[in-house]
Amino acid sequence: MSYSDIKSVTKTADGSAIVGRCRLYGVYFTNTATASSFDLKDGTTSGGTSLLNVVTPAVIGAQDLFIPDMGILFQNGIYIDVANAHVTSVTLFFEGGDPQ
């Protein structure tokens with residue numbers, strides 16, 4: 001039996017991904033053959049505080065990032081801030097909040 005209600009949301013560009021208090025447990029992302037990065041910010045706008053910065057490899061493909069223990073708590077939602085078009089999608093696995 002599961003003790004939590006894990007949800008997911010996928011974005012392909014900058015934007016608010018989750019509204020409301022939530023806990024992030026994992027990230028799946030796809031990228032081109034050029035290294036890049038993206039930030040996950042606390043809040044629903046680009047002005048939020050970055051709580052996680054991910055640098056992508058310079059190899060085309062997909063990567064999984066699992067966050068240990070109790071994950072990362074975002075008090076005000078999650079905003080995805082992608083550096084450029086080399087990050088083609090970001091999927092977040094979370095509990096709480098509402099996907100956008």
What distance separates Thr88 OG1 from Ile60 CD1, expressed to the nearest 0.5 Å? 8.0 Å
Can you measure from CG (Leu51) to CZ (Phe74) and round to the nearest 0.5 angstrom? 4.5 Å
Any donor-acceptor pair under 3.5 Å linking the side chain of [X] with the backbone of [Y]?
| X | Y | answer |
| --- | --- | --- |
| Arg21 | Gly96 | no |
| Asn76 | Asp42 | no |
| Thr56 | Ser36 | yes |
| Asp64 | Tyr28 | no |
| Thr44 | Ser16 | no |

Is it possible for you to say whether [X] and [Y] belong to one hydrophobic cluster, with membership spreading through side-chain heavy-atom contacts below 4.5 Å?
| X | Y | answer |
| --- | --- | --- |
| Val82 | Leu52 | yes |
| Leu65 | Ile78 | yes |
| Ile67 | Val90 | yes |
| Ile18 | Leu24 | yes |
| Ile72 | Val9 | yes |

Heavy-atom pair with the smallest gap, counting every atom of [X] and [Y]:
| X | Y | answer |
| --- | --- | --- |
| Arg23 | Gly71 | NH1-O, 4.1 Å |
| Glu95 | Tyr25 | OE1-OH, 3.0 Å |
| Gly97 | Phe94 | O-CE1, 4.2 Å |

For residues 67-90, pull every pair meeting salt bridge (charged side-chain N to carboxylate O under 4.0 Å, His left out), keeping only residues two or more places apart or in separate chains. Lys41-Asp81
Between Leu40 and Ile80, does the side-chain contact (heavy atoms from CB on, under 4.5 Å) criterion hold? Intermediate values first, please. CA-CA 5 Å; Leu40 300 181; Ile80 299 174; 3.7 Å; yes
Establish, from distance only, whether the side-chain atoms of Thr91 and Ser8 form a donor-acceptor pair under 3.5 Å. no
Side chain to side chain donor-acceptor pair (under 3.5 Å) involving Thr49 - partner list, sequence neighbours excluded: none
Applying ring-ring contact (aromatic ring centres under 6.0 Å, His included), can you list everything that pairs with Phe29, at least two apart in sequence or on another chain? Phe38
